[in-house]
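Within every chain, numbering begins at 1; the chains are lettered A, B, ... in the order of the sequence lines, protein sequences first and strands thereafter. The structure displayed is predicted, hence computed values, not measured ones. Every heavy atom of this structure was used, including side-chain atoms; hydrogens, water molecules and symmetry mates were not.
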Amino acid sequence: MSRRNRFLPGGRAIFFGVALICMVAIGFLAVEIVRDLRLLNSANSDNVQWTLSQAEVEFLEMRHALDTARRQPEPDLDRLIEEFDIFYSRISTLETGALYESLRDLPEFAEPMQRIRRTLDDLVPLIDGPRADLAAGLPRIESAFGQSRADLRELATSGLYHFARQSDFQRISVAVTLMRLGLLTSVLVMVLIFLLRHAQNASRQTERRGHELAAAYTRLNTILDTSLDAVLVADLSGDIQQFNPAAERIFKYDAQQVVGRNIGGLIVPDHLRDAHEAGMARMRAGGERRVVGRGRVRLDAMRSTGEVFPAELALETAQTGSEEIIVGFLRDISHRISSENELVEARDKALAGEKAKADFLAMMTHEIRTPLNGVLGNLSLLEETDLTPAQARYVHNMAVSGKLLMSHVDAVLDIARFESGATALRAEVVDPGRLVQDIIDSQTSAAEANGNTLDWAWTGAPADWIRVDASRLQQVLVNLIGNAIKFTRDGHVQVEIEQGDPLDQPGAEAGLWLEIRIIDTGIGIAEADLDRVFEDFQTSGCTQDKGLPGTGLGLGIARRFVRAMQGEIGAESTLGEGSVFWLRLPVRAARAPHNADRTGTGCAPAGPCSILLVEDNEINLELARDMLSLMGHDVSIARNGQEAVVAAGARCFDLILMDIRMPVMDGLAATRAIRDGQGPNRDAPIVALSANVLPEAKDRFIAGGMSDFLGKPLMKKELAQVIARFCSDAALAEGAPRDPAVDDPLAALKARYLDETCALFDWLATMPDDWSEIADRAHRIAGSAAAFGQADLRMALLSVETTAEAEDAAALAQAVSQARRAWETAPDPSVA
Amino acid sequence: MMTFPNVQSASAALFLTFALAGAAPAEHLPEPHGPVILTVEGTIARTNGEGRARLDLQMLRDIGETTITTDTIWTAGTSEFTGVALDDLLDYLGAEGQEIDARAINDYAVTVPIADAVEGGPILAYAMDGKTMSRRDKGPLWLIYPYASSSTYRTEVIYARSIWQLDRMTVLD
């Protein structure tokens, strides 16, 4: 449309203008030529000159007849009369003929003509009269014609002159016409040339456009032919106009087979056909377009085999001439969908694997730490009993081994947690000096055992409170200082701590850093080994180490933690002279917390406190109660959350130690109830006890309103620290008398454990239908079984618990029978 | 301008047919009674002595009258010419030939092709506007073409063939 419009004002207008001018010119020329031709064609002149001279000839003939008549005695009057008539006729012709009309207007012609006429008329009576009179009158006739000779000559010359002039005019007129003709012909030729050029241009343009069109068509066809997507062109009624090779491949039709047929029946699967027809009808009616022009749409398509496959479709409409067509691009995405599905499956599997790993880790935490808890706890108790020196040594060795095992487990857990990304940084406000002092204090005895001196000092100005992940930093420092002590004999371990701003810009908080250097005079590290010391599982090959070998993970964990805190860690060493391990962390200055002064130094024994111990596992309960009692605290007991809430409502406690997983009401719910209630312990510190030491679990406890967390197994030192932290200024005057434990608490516990387990199996034999009670009792005995070294039984009971929770009767029956077998084949219950 | 010379000529021809139907085919023409105004020689079938056909006005009138109304370059205005059509005359005389040598009293001579003698073509006029033409008025006979009927009759050649004061004709092969 627009192309045509663009043409009209330019080329076409010129073309029509020129054509019009040409036609007018040709018309004008035609008129001119016809007029001239008529002038030339219709000869309106006889041979005038001839007529004029003929008049003279005839006059002379007449004179001759007259002379002859006069000389003859018998004059031939008939001849004279004939000659007179001829002359008369000639003069009449000149007088009346239309041919001589212009001549007659000339006085030099008209006057002699009149004179001749008069002469002739005068003579007519004589000529026509009697012959005798005529014969007598011959002299008179001669005299009458005396003047006529001259008149006739004048007549002829004037006529000749006139016609010569007229002839000139005619020649000029013809010349002018011819010139005009020539001029117009030239113009016409030029116009024709112009038109020819124009026509040539137009034709060339048309030809070029034709070539371009052909090229574009070829290009388009090539594109269509090589397209990987099916390209379909259809009209508004859905009849296929074009079907490219990709479409042939995808739909398994031949193009010739489908062109002209309706798209709906060919490639739209049955379940979409109604929607397709409705859509086409809507589009024809000019209604809403749901697919056309909406980009890619996912839908199903159908092959000639009837196979339905997923496809991506993009539809557009286009105007071709007066007709609207639909162009569809369709991609077979069945491969992609299947690979996507495979990927999703693979990812799901991987995620499930990760989950399984995490679950496994959590399980291991529980599985390993719970029995260790039992071992170490009982060792702690055993140390308090009267032992022979040898026994004391064995117990000590066992405790060392147990603690080492615990530290290995913790190290592996640390790494696993770190790798699983479960380690979120937890910034706390700490006094770095105190932090280091605490560690030094805890390590002093170890240092002394190796004959080392251990101290620390600020380099430069001491820093105030800073914000840093204290527990991580503590772990790293313990590791580094522990190493220094381990590899130094009778030497010196010095810790230097320094805070600064690399740009020396006071007040630029963001630029603050803290550097801590642990300098020892130990055995040193060979330079070749220095690069590897931070790698995992790098143990020192040093045989001088009389202690137990480490896991080789300590420095690897330290480096991970420091890097996680955006810090650096490094070491310098000279073999035989000592080593320097340094770490540098970015820190942020912070204000001192309100209860800053409460942050105890850790080991200071607190005065007797009133403590509510909430624990469902009897063994663990007994262990913890004994530990607390030995520390001189007043211990109350609750066996589940419900009991705890009741106990907490009855009197005020300095501290509540709350197990998490318990029957009736779990620890979190009990905490919430205490916190939300109006009881005296609403604001009392509540510390969670859990074998689940994963950080997210701790976060959950803190979020649930708990004050702190103690991992199982309970370590006396940690327990003492927690009590010191929460009860130091709440020391009760009345030191509770030391609660004398039963003489042989373990034997009593063992007897009770055997009774409870037998009772459980008896009860299970009655096929109880209280799912939750089954689960709870199985869980409780499982916890005890672990403590008594019956791991198989524990596993079997846990699966009883699981199946009971799942309310799966068949699986439960099987689990119970397995548990019974495990119980029957279990070793004698023994603690550590 | 002109008054249907064709129709009049046709009716004249019809009249002629009847006139001749009564008479037996005669090789000899009757003798003229009045003054002879036209003598025809050459390859003609009918004569009245000495291989010539001598014709007076009445004889010409008897052949049949044809009228042409036209203007001429030699006369003023439009005139009605009455005479015998050349083709009628040639038929009457049984003329066979290609051309006619026509001569006037003053010895003006022209050659007229026989092809000119067609129906609706030239006549030998003996009267103009109803008046018999005298010698002084280009009589007694004037070969008049129907100039007004067609531009083909308005050419120099036709004008030259329009001989007046005609008195002799010779039909030539």
#### Entry: Polar contact flag, side-chain donor to acceptor under 3.5 angstrom, A/Glu61-B/Asn106
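The criterion, which ignores hydrogens and geometry beyond distance, is not satisfied for B/Asn106 and A/Glu61.
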### Query
More than 12 non-hydrogen atoms from neighbouring residues, nucleotides or ligands closer than 6.0 Å to CD on B/Glu50, yes or no?
no
### Query
Should we count CD of A/Glu74 as having more than 12 external heavy atoms under 6.0 Å?
no
Which portion of [X] sits near chain B, non-hydrogen atoms under 4.5 angstrom:
| X | value |
| --- | --- |
| A/Phe87 | neither |
| A/Glu83 | neither |
| A/Ile81 | both |

### Task
Work out which heavy atom in B/Gln165 is nearest to a heavy atom in A/Asp85; give both atom names and the distance.
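So the two residues come closest at NE2-O, 4.2 Å.
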### Task
Provide the closest heavy-atom pair for A/Ser89 versus B/Lys138 in the form atom of the first, atom of the second, distance.
OG-CG, 3.5 Å
Would you compute the distance between atom [atom1] of [X] and atom [atom2] of [Y] and round it to the nearest 0.5 angstrom?
| X | Y | atom1 | atom2 | result |
| --- | --- | --- | --- | --- |
| B/Arg135 | A/Tyr88 | CZ | OH | 13.5 Å |
| B/Trp74 | A/Thr96 | CH2 | OG1 | 12.0 Å |
| B/Trp164 | A/Arg90 | CH2 | CZ | 5.0 Å |

### Query
Contact part of B/Thr72 toward chain A, heavy-atom cut-off under 4.5 Å: side chain, backbone, both or neither?
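Contact with chain A is through the backbone of B/Thr72 alone.
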### Query
Are any non-hydrogen side-chain atoms of A/Phe84 and B/Arg136 less than 4.5 angstrom apart?
yes
Side-chain donor-acceptor pairs of residues 37-44 of chain B under 3.5 Å, sequence neighbours excluded:
{"unit_1": "B/Thr43", "atom_1": "OG1", "unit_2": "B/Glu96", "atom_2": "O", "d": "2.4"}

### Query
Using a heavy-atom distance cut-off of less than 4.5 Å, which residues of residues 134-145 of chain A contact chain B?
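Not one residue of residues 134-145 of chain A has a heavy atom under 4.5 Å from chain B.
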